[in-house]
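I have placed the structure first, in the form of structure tokens, so that the comments after it can refer back to it.
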Amino acid sequence: MFVLELSYTAPLDAVDAVLPDHVAWIEEQYARGLFLASGPKNPRDGGVIVAVAEDRARIEELTAGDPFVLAGVCAYRITEFEATKTAPELERHRVRPG
């Protein structure tokens with residue numbers, strides 16, 4: 001499991017110009033089962049995504065294709081973690097000991 005932290009690297013008007021493409025990209029990742037939760041930070045200087053993938057390389061490849069990244073308006077910080085406890089709805093993503 002991964003926590004993806006987006007930090008805007010451009011003014012909000014530049015971010016907002018790319019927002020429709022970014023939202024479409026987000027929806028595509030939900031449809032593919034890769035994203036579990038997402039939303040803007042408060043204050044709005046970026047966003048957070050909780051994602052699942054087979055490995056970090058896949059997440060790095062995925063985030064490189066975000067329209068925000070392609071337009072140069074955000075940078076990602078990727079944190080991988082092992083979800084050893086989850087809400088029942090996320091149990092299939094839980095890491096089992098041993």
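Reckoned from all heavy atoms, side chains included, excluding hydrogens, waters and symmetry mates. Computed from a predicted model, the values in this text were never measured in an experiment.
- Every side-chain contact (heavy atoms from CB on, under 4.5 Å) that Thr86 has, sequence neighbours left out, goes to Ala83, Leu90, Glu91, Arg94.
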### Query
When you look at Leu36 and Met1, which way does the side-chain contact (heavy atoms from CB on, under 4.5 Å) test go after all the steps?
CA-CA 10 Å; Leu36 304 178; Met1 197 170 275; 3.7 Å; yes

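- Of all heavy-atom pairs spanning Leu70 and Gly65, the tightest one is CD1-O, 3.6 Å.
- In this structure, Phe2 CZ and Leu34 CG are separated by 10.5 Å, a value rounded to the nearest 0.5 Å.
- When all heavy atoms of Ala17 and Pro20 are compared, the closest pair comes out as O-CD, 4.0 Å.
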### Task
Could you check Asp66 against Leu6 for side-chain contact (heavy atoms from CB on, under 4.5 Å), going step by step and ending with a plain yes or no?
CA-CA 11 Å; Asp66 180 346; Leu6 294 75; 4.1 Å; yes

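- For the pair Thr9 (side chain) and Gly72 (backbone), a donor-acceptor distance under 3.5 Å is present.
- For Glu61, the salt bridge (charged side-chain N to carboxylate O under 4.0 Å, His left out) partners two or more places apart in sequence, or in a different chain, are Arg58.
- Leu19 and Leu4 fall within a single hydrophobic cluster, where Ile, Leu, Val, Met, Phe, Trp and Tyr are joined by side-chain heavy atoms under 4.5 Å apart, directly or via other members.
- Screening residues 36-69 for ring-ring contact (aromatic ring centres under 6.0 Å, His included), with sequence neighbours left out, gives Tyr8-Phe68, His22-Phe68.
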### Query
Should Ser38 and Tyr30 be marked as a side chain to side chain donor-acceptor pair (under 3.5 Å) after you check the CA-CA gap, both sets of side-chain angles, and the distance that decides it?
CA-CA 10 Å; Ser38 62; Tyr30 274 106; 2.8 Å; yes

### Residue pair Leu62, Phe35: steps toward the side-chain contact (heavy atoms from CB on, under 4.5 Å) verdict
CA-CA 11 Å; Leu62 182 68; Phe35 288 0; 3.7 Å; yes

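- Clustering ILVMFWY residues whenever any of their side-chain heavy atoms sit less than 4.5 angstrom apart, transitively, puts Val52 in a cluster other than the one holding Trp25.
- Among pairs with a residue in residues 40-66, none fulfils ring-ring contact (aromatic ring centres under 6.0 Å, His included), at least two apart in sequence or across chains.
- Remark: Glu82 CD is loosely packed, at most 12 non-hydrogen atoms of other residues, nucleotides or ligands lying under 6.0 Å away.
- Residues passing the side-chain hydrogen bond (donor to acceptor under 3.5 Å, both in side chains) test with Asp16 are Arg44, sequence neighbours excluded.
- Hydrophobic clustering (ILVMFWY, side-chain heavy atoms < 4.5 Å, transitive): Val18 and Val23 are in one cluster.
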### Message
Please determine whether side-chain contact (heavy atoms from CB on, under 4.5 Å) holds for the pair Ile49 and Tyr76, giving the CA-CA distance in whole Å, both sets of side-chain angles, and the decisive distance to 0.1 Å.
### Response
CA-CA 10 Å; Ile49 301 168; Tyr76 273 88; 3.9 Å; yes

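- Every side-chain hydrogen bond (donor to acceptor under 3.5 Å, both in side chains) that Glu60 has, sequence neighbours left out, goes to Arg56.
- Side chains of Val3 and Phe81 form a contact here, defined as non-hydrogen atoms less than 4.5 Å apart.
- In the hydrophobic cluster analysis, where Ile, Leu, Val, Met, Phe, Trp and Tyr join through side-chain heavy atoms closer than 4.5 angstrom, Val15 is grouped together with Val69.
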